[in-house]
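Shown next, in structure tokens, is the structure this report addresses.
For the single chain, residues carry numbers from 1 onward in sequence order.
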Amino acid sequence: MPVLDESVRSAPLDRAALPLGFGAFSALVSQSFVPLQVRSDRQDSFRGDIRASTNDDVHVSVVTADGHEIHRTPELVARSSHRCFKVGLQLAGTGLLIQENREAVLRPGDLTVYDTDSPYTLVFEEAFSTLVLMVPHRALELPTDAVRGMTAATIDGGTGLARVVARFLGELAGDLQQLDGPIGGRLARNAVDLVTTLYARELDVARDADRPHRAMLRRVQGYIDEHLSDPDLTPGSIAAAAYISTRHLHALFHEEGLTVSTFIRARRLDRCRRELGDPLTAHRPIGQVATRWGFADAAHFSRAFRAEFGEPPSSFRARTTAA
């Protein structure tokens with residue numbers, strides 16, 4: 001069975017339903033994503049549209065348009081503070097993604113990732129439609145450099161875990177309104193979690209062969225994730241649970257450019273942020289949320305949250321729940 005409904009794959013795109021000419025579409029592209037250059041040699045007849053939904057820092061868009069080129073130039077990268085990964089699911093038509101001296105041909109059902117912190121080019125010669133999931137680097141919870149090593153490469157959305165991810169994203173593309181309302185944030189995070197799981201698996205397959213210690217590291221990180229609520233979670237208790245020495249534990253994280261304490265803190269802060277941004281848990285006091293995820297001191301939690309996300313937890317909750 002195909003990943004995408006055959007009607008989506010094969011039906012011609014309805015250009016008459018696309019409301020934007022070239023100028024308006026070009027402006028909307030940069031407003032919706034990051035500053036970009038849009039080029040077309042058929043500007044007079046060009047038609048396009050972008051449907052989008054933003055939930056906290058997860059931005060989901062469906063771009064449908066006539067053929068054109070997108071350029072993220074070095075100058076635009078230098079002027080921008082946005083450091084995001086964009087995960088694409090090709091819905092209809094074909095395209096070409098170029099980044100870091102790699103090229104990927106995008107066909108319906110293909111998944112790919114690219115980095116806004118590095119120049120890239122997208123070329124669509126004919127009409128197409130694509131879903132784009134844009135999130136900050138940290139949201140994928142994977143080593144940034146490792147994900148950058150996988151840009152401009154396609155994953156076939158027709159098999160295995162990629163099939164599950166492509167189907168989920170394809171359903172979102174058909175009804176972005178699902179991302180609105182109280183459960184919208186959960187759906188957006190589910191999308192990010194699925195994409196993270198997919199690329200974690202791809203990275204593991206590529207790296208485990210020559211780095212066998214990573215299997216142990218994954219088990220340790222899994223243990224940490226399951227025990228984040230324990231305020232007594234320490235390198236000593238983690239090492240004991242894994243039947244390794246504390247020194248070996250620190251060495252495992254050092255190999256990945258991490259430390260045990262920063263990993264635990266980042267995971268705890270992320271779980272707190274998710275809960276504080278969820279309208280369904282708005283009744284829960286901030287101090288209770290912090291304690292639930294292992295922060296015993298409210299003042300320390302508030303300082304750590306502000307340092308990581310640029311605003312205190314109370315402001316974040318008020319802003320996201322109001323939105």
Side-chain angles (χ1 to χ4, degrees), residues 4 8 13-38 40 46-72 76 80-93 95 97 106 108 110-117 120 122 124 127-140 165-196 277-279 319-323:
L4 303 175
V8 176
L13 296 173
D14 184 4
R15 296 183 65 258
L18 302 179
L20 302 179
F22 182 78
F25 178 83
S26 299
L28 186 57
V29 164
S30 291
Q31 293 170 13
S32 300
F33 303 109
V34 291
L36 297 162
Q37 288 183 1
V38 185
S40 171
F46 182 94
R47 306 304 298 174
D49 190 26
I50 301 176
R51 296 184 292 113
S53 178
T54 300
N55 200 300
D56 191 14
D57 55 5
V58 180
H59 185 90
V60 183
S61 302
V62 176
V63 182
T64 305
D66 287 336
H68 62 275
E69 295 183 6
I70 295 285
H71 296 271
R72 177 75 165 158
L76 291 175
S80 176
S81 60
H82 292 85
R83 292 175 172 82
C84 297
F85 286 120
K86 296 168 77 173
V87 176
L89 170 65
Q90 194 72 11
L91 299 172
L97 169 63
L106 311 175
D110 283 347
L111 290 151
T112 192
V113 64
Y114 43 113
D115 183 11
T116 68
D117 202 32
Y120 64 81
L122 282 163
F124 301 100
F128 72 97
S129 184
T130 185
L131 175 140
V132 180
L133 172 73
M134 185 170 75
V135 295
H137 284 172
R138 57 171 175 74
L140 288 189
V165 177
R167 280 189 176 277
F168 185 87
L169 295 179
E171 288 293 329
L172 286 183
D175 185 8
L176 289 183
Q177 290 183 348
Q178 295 179 85
L179 294 172
D180 298 331
I183 66 168
R186 295 187 175 211
L187 280 174
R189 289 191 294 272
N190 286 342
V192 175
D193 287 343
L194 281 171
V195 167
T196 299
D278 188 345
R319 177 175 59 80
T320 55
T321 54

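Pairing each heavy atom of Lys86 with each of Thr116, the nearest pair is CD-CG2, 3.5 Å. Looking at every heavy atom in both residues, Leu140 comes nearest to Thr196 through O-CG2, 2.6 Å. The two atoms that bring Arg189 and Asp278 nearest to each other are NH2-OD2, 3.8 Å, heavy atoms only. Ser129 and Val62 get closest at one heavy-atom pair: OG-CG1, 3.8 Å. Here the shortest heavy-atom pairing between His68 and Ser40 reads CB-CB, 4.1 Å. When all heavy atoms of Asp180 and Ser53 are compared, the closest pair comes out as OD1-OG, 3.6 Å.
Separating the CD atom in Gln31 from the CD1 atom in Ile50 is a distance of 9.0 Å, to the nearest 0.5 Å. For the atom pair CG of Leu187 and CZ of Phe168, the computed distance is 5.5 Å after rounding to the nearest 0.5 Å. Put simply, CG on Leu97 and OG1 on Thr112 are 5.0 Å apart, with the number rounded to the nearest 0.5 Å. Remark: Asp110 CG to Gln90 CD distance equals 7.5 Å, nearest 0.5 Å. Expressed to the nearest 0.5 Å, how far CG of Leu172 lies from OG of Ser61 amounts to 12.0 Å. A distance of 8.0 Å separates CG in Asp117 from OG in Ser80, rounded to the nearest 0.5 Å.
Side-chain contact between Leu18 and Thr64 is present, with heavy atoms from C-beta onward closer than 4.5 Å. Taking the side chain as every heavy atom from C-beta outward, Leu179 and Val58 never approach each other to under 4.5 Å. Contact check for Asp115 versus Tyr120: no side-chain heavy atoms found under the 4.5 Å cut-off. At a threshold of 4.5 Å between non-hydrogen side-chain atoms, the residues Leu122 and Thr130 do not count as touching.
Listed for the Arg47 side chain is no donor-acceptor partner under 3.5 Å among the backbone atoms of Ala65.
Residue Val60 forms a side-chain contact (heavy atoms from CB on, under 4.5 Å) with just one option from Val87, Leu133, Val132, and that option is Leu133.
Residues passing the ring pair (Phe, Tyr, Trp, His ring centres under 6.0 Å) test with Phe22 are Phe46, sequence neighbours excluded.
Between Phe33 and His59, the ring planes are perpendicular. Angles over 60° get that label, and only those under 30° would be called parallel.
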Check the pair Leu169, Leu111 against side chain to side chain contact (heavy atoms under 4.5 Å, CB included), reporting the backbone distance first and the verdict last.
-> CA-CA 10 Å; Leu169 295 179; Leu111 290 151; 3.9 Å; yes
